[in-house]
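Single-structure report; data block below.
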There are 2 protein chains.
Amino acid sequence: MDQRQALVAFGALSQETRLHIVRMLVVSGPNGMAAGAIAEKAEVSPSNISFHLKELERSGLITQQRESRSIIYTANYEALGGLIRFLMEDCCSGNPQICAPAAAVAACCAPATKEELQ
Amino acid sequence: MDQRQALVAFGALSQETRLHIVRMLVVSGPNGMAAGAIAEKAEVSPSNISFHLKELERSGLITQQRESRSIIYTANYEALGGLIRFLMEDCCSGNPQICAPAAAVAACCAPATKEELQ
DNA sequence: TCCATATTTCAATGATCCTTGAATTATTGA
DNA sequence: TCAATAATTCAAGGATCATTGAAATATGGA
């Protein structure tokens, strides 16, 4: 993830409906959700959800694939991880004061210790 | 950092000049930089840099304090860490697939291991 | 007090973004 | 083929954002 991508990704996440969509898709996992289901759950009109899904896809944070009449959207875990990495490493220069609290969170959900990752 | 703050922070980081400012302030450390020095280094007009600094302060990612004639801006490490934490924990639900690569980065710059943090 | 320095505020302009509803495209089943 | 479902595209509008230059504010020194 380079700076240009990160700028677009930050812009994508700076809108309430879009942040909501991303959170739903992360939770929904690899199966993803159809555009209609997203619209219904987010209580947004089909045309409006389509606008935001397009924006999120442009940012690379989600991907789409057609499945019969529906279009299934899925969170792009790699891109999301890349954005977190950009924020820690590039933007914050790996500053320990900033990254340490993040490391605590990461340690709780990630299976590996510091040693195992080096 | 709650969702409303995160939305504002993402918006703040989605603009090239502002992302540049944050990166400079992180590197410059606790001493921070005067508005004029930021403007000069970023090659942006004083009035324009003031606009962006105000936006960044509103987001909580930087803080200001007057020092004689200058106004010194400093990166808010806590807020930056909070944003990373939000992205990993709230937005991505602590998903290991997303957070593991981030954990690797954190392990490199943070002094603590998983065990030490629990 | 007067001037220079450092920065912000303000108004105006153009650009981008968000929302809405109508029209369009794509797919499936009768 | 025809109708129904699922989603996107398009045009129009209002709202927000970014940039500019001029004017205003705050501070420190002669």
Side-chain angles (χ1 to χ4, degrees), chain A residues 3-25 28 31-76, chain B residues 3-25 28 31-76:
Chain A
Q3 167 164 320
R4 219 171 41 77
Q5 286 180 288
L7 282 169
V8 177
F10 286 136
L13 294 178
S14 71
Q15 206 279 338
E16 195 167 10
T17 302
R18 289 197 295 262
L19 183 57
H20 190 190
I21 293 172
V22 170
R23 296 178 80 156
M24 286 195 299
L25 291 181
S28 102
N31 290 336
M33 289 174 77
I38 297 170
E40 198 177 0
K41 213 170 181 186
E43 299 181 43
V44 176
S45 76
S47 111
N48 191 235
I49 214 76
S50 191
F51 169 80
H52 288 303
L53 286 170
K54 196 179 172 188
E55 199 68 13
L56 281 169
E57 223 219 338
R58 192 174 70 86
S59 79
L61 294 177
I62 70 173
T63 58
Q64 64 166 195
Q65 88 222 54
R66 179 175 281 278
E67 195 157 303
S68 179
R69 264 186 285 217
S70 298
I71 294 183
I72 309 293
Y73 285 89
T74 315
N76 183 346
Chain B
Q3 165 162 323
R4 214 171 47 75
Q5 284 180 289
L7 282 168
V8 177
F10 286 136
L13 294 177
S14 71
Q15 209 278 341
E16 195 168 10
T17 302
R18 288 197 295 261
L19 184 56
H20 190 188
I21 292 172
V22 170
R23 296 178 80 157
M24 288 196 298
L25 291 182
S28 104
N31 289 337
M33 290 175 76
I38 298 171
E40 196 178 359
K41 213 170 182 186
E43 298 182 42
V44 175
S45 75
S47 112
N48 191 235
I49 215 75
S50 188
F51 168 81
H52 288 303
L53 287 170
K54 196 178 170 188
E55 200 68 12
L56 281 169
E57 224 221 336
R58 193 174 70 87
S59 78
L61 295 176
I62 69 173
T63 57
Q64 66 167 194
Q65 87 222 52
R66 180 173 281 278
E67 195 156 302
S68 176
R69 265 186 284 216
S70 299
I71 293 184
I72 308 293
Y73 286 89
T74 314
N76 182 348

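Note on naming: letters A, B, ... go to the chains in the order of the sequence lines (proteins, then strands), and numbering restarts at 1 for each one. Keep in mind the model is a prediction, meaning the values are calculated, not measured.
- Residue I49(B) contributes atom CD1, which lies 18 Å from atom P of dC17(D) at whole-angstrom precision.
- Atom OG1 in T74(B) sits 10.0 Å away from atom CD in E57(B) (nearest 0.5 Å).
- In this structure, S14(B) contributes its side chain and G11(B) its backbone to a donor-acceptor pair below 3.5 Å.
- A salt bridge links E55(B) with R58(B): the distance from a Lys NZ or Arg NE/NH1/NH2 to an Asp or Glu carboxylate oxygen falls below 4.0 Å.
- Taking both residues in full, the closest heavy atoms of M24(A) and A42(A) are given as CE-CB, 4.1 Å, listed atom of the first, atom of the second, then distance.
- Atoms OH and CE, on Y73(A) and M33(A) in that order, are 12.5 Å from each other to the nearest 0.5 Å.
- At least one side-chain nitrogen or oxygen of Y73(A) sits closer than 4.0 Å to the OP1 or OP2 atom of dT8(D).
- Using a 4.0 Å cut-off, some side-chain N or O of Q15(A) falls inside it from OP1 or OP2 of dT19(C).
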Here DNA chain C, pairs taken as Watson-Crick or G-U under 3.5 Å and shown with ( ), [ ] when crossing and | when to another strand, reads |||||||||||||||||.||||||||||||

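- The residue A39(A) sits apart from the nucleic acid: no heavy atom pair falls under 4.0 Å.
- Nearest-nucleotide positions on DNA chain C for G11(A) and S50(B) put S50(B) closer to the 5' end.
- In terms of modelled atom types and a separation under 3.5 Å, the side chain of R66(B) and the main chain of S68(B) share a donor-acceptor contact.
- For S47(B), whose side chain is taken as the heavy atoms from C-beta onward, the closest listed nucleotide among dA6(C), dG21(D), dT9(D) is dG21(D).
- Protein atom CD1 of I72(A) is 7 Å distant from nucleotide atom P of dA7(D), rounded to whole Å.
- Residue L7(A) contributes atom CG, which lies 15 Å from atom C1' of dT16(C) at whole-angstrom precision.
- Of all non-hydrogen atoms in K41(A) and H20(A), the two that sit nearest each other are O-CE1, 4.3 Å.
- Minimum atom distance to the side chain of F51(B) is reached by dA18(D), of the listed dC18(C), dA18(D), dT7(C).
- Whole-Å rounding puts the H52(B) NE2 to dT20(D) P distance at 9 Å.
- Residue I21(B) contributes atom CD1, which lies 13 Å from atom P of dT7(C) at whole-angstrom precision.
- Scanning residues 53-67 of chain B for heavy-atom distances under 4.0 Å to DNA chain D yields R66(B).
- Of the residues near DNA chain D, N48(A) and R69(A), the one whose nearest nucleotide (by heavy atom distance) lies more toward the 5' end is R69(A).
- Note: I21(A) CD1 to H52(A) NE2 = 6.5 Å, rounded to the nearest 0.5 Å.
- Atom CD1 of I71(A) is separated from atom P of dT5(D) by 18 Å (rounded to the nearest Å).
- To the nearest 0.5 Å, the span separating CG on L56(A) from CD1 on I38(A) amounts to 9.0 Å.
- Of the side-chain N and O atoms in S70(B), none sit less than 4.0 angstrom from OP1 or OP2 of dT5(C).
- Other residues, nucleotides and ligands contribute at most 12 non-hydrogen atoms within 6.0 Å of the CD atom of E16(B).
- A donor N or O paired with an acceptor N or O is not found under 3.5 Å between the base of dG28(D) and the side-chain atoms of S68(B).
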